[in-house]
Amino acid sequence: MMNKKNSKENFLSRKQFQLLIVCVTMGFIIGYSYNQAKDNRDAGSTNEELLEQEDSYREELIAQQERNKELSEEANALQEKIRKYEKSFVASKKDYTKLVEEAEDLRLLLGDLNAEGKGIRIALQDGDYDPKSANPNDYIVHESHIFKLLNELKISGAQAIAINGQRVLANSYIRCNGPVITIDGKQHPAPFVVEAVGDSATLIAALNLNGGVVDQLLNDNIVVSLEEDQKLTMPKAKVES
């Protein structure tokens, strides 16, 4: 009876032991599978992030290459534009030189530059007193005489003009006041010495035309003297502050 009982207990113990081994084995397998699945998920997540980062880098590289292409095309266009400007400049060098000369002439007329060069000098004086004349204005220099002379000089190409050393500008105001003339607020007594920088031969020929300015001044009893000067010097106009 005891042997049968012990045999039954031993059988149960073997069953329990086998069940324990199965449970332990199953637990190990389940734990291993879980860890493996977790590792696979982590690896998959990491791979996905790497792929996304790689795609982002690829897109950025493509965008940078496109931008470099645009900049290269823009640089080529600018270089072509510069070449066209250079060719245009070479082709129009004569025109450019002419424009520079015209600009210099305008600056001289405006009194912005010192004037120096060949030219002429004209002196105007009141005529000798004539007691037979009822009007003393018949033999003195008026602003109209000055204007005639200045206009003829400008038309004939004078680059710079001065009266008694004062530069005459394009907008100068000249007024006669008895025996003196006022230029831009400054008075000058007779004789009035007008200097003009320019081609002296052209200026003299223009003034000495028959019926020209000199003849008109002489007819108005004005004493006129005209001479050529090889080196006239005129300072630039002073701007009153």
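FYI, the numbering just counts along the sequence from 1.
A heavy-atom distance below 4.5 Å is not found between the side chains of Thr233 and Asn114. A 4.5 Å side-chain heavy-atom check between Glu116 and Met234 finds every atom pair outside the cut-off.
Distance CG/Leu226 to OG/Ser200: 10.0 Å, rounded to 0.5 Å. Note that the CG atom of Leu113 and the CD atom of Gln159 stand 10.5 Å from one another [nearest 0.5 Å].
The 12-atom threshold is not exceeded at NZ of Lys118, counting heavy atoms of other residues, nucleotides or ligands nearer than 6.0 Å.
The hydrophobic clustering, which links ILVMFWY residues whose side-chain heavy atoms are closer than 4.5 Å, places Ile163 and Val141 together. Cluster annotation: Ile140 and Ile146 are assigned to distinct hydrophobic clusters (Ile/Leu/Val/Met/Phe/Trp/Tyr, side-chain heavy-atom contacts under 4.5 Å, transitive). Hydrophobic clustering keeps Leu203 apart from Leu209 (ILVMFWY residues linked when any side-chain heavy atoms are closer than 4.5 Å, directly or through intermediates).
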Side-chain atoms of residues 211-224: list all donor-acceptor pairs with protein atoms under 3.5 Å, sequence neighbours left out, distances to 0.1 Å.
from: Asp215; atom 1: OD2; to: Gly211; atom 2: N; distance (Å): 2.8
from: Gln216; atom 1: OE1; to: Lys148; atom 2: NZ; distance (Å): 3.3
from: Gln216; atom 1: NE2; to: Gly211; atom 2: O; distance (Å): 3.2
from: Asn219; atom 1: ND2; to: Asp215; atom 2: O; distance (Å): 3.1
from: Asp220; atom 1: OD2; to: His145; atom 2: NE2; distance (Å): 3.0
from: Asn221; atom 1: ND2; to: Asp138; atom 2: O; distance (Å): 3.3

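Closest heavy-atom contact between Leu232 and Ala196: CD1-O, 3.3 Å. Closest approach of Ile183 to His188, counting heavy atoms only: CD1-CD2, 3.8 Å. Minimum interatomic distance between Ser172 and Asp184 (heavy atoms only, all atoms of both residues): OG-OD2, 3.0 Å. For Ala115 against Val197, the heavy-atom pair with the smallest separation is CB-CG2, 4.3 Å. For Ala160 against Arg167, the heavy-atom pair with the smallest separation is CB-NH2, 3.9 Å.
The closest donor-acceptor contact from the side chain of Asp229 to the backbone of Arg121 lies at 3.5 Å or more, if one exists at all. Between the Ser156 side chain and the Glu152 main chain, a donor and an acceptor come within less than 3.5 Å of each other. Proximity of a side-chain donor or acceptor of Asn164 to a complementary backbone N or O of Val193 within less than 3.5 Å is detected.
A salt bridge is absent between Glu143 and Arg175: the closest approach of a Lys/Arg side-chain nitrogen to an acidic carboxylate oxygen does not fall below 4.0 angstrom.
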Might you work through the side-chain contact (heavy atoms from CB on, under 4.5 Å) test for Ile204 and Glu228, ending with a clear yes or no? CA-CA 8 Å; Ile204 292 174; Glu228 183 179 359; 4.2 Å; yes
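Side-chain atoms of Thr182 and Asn177 include no donor-acceptor pair closer than 3.5 Å.
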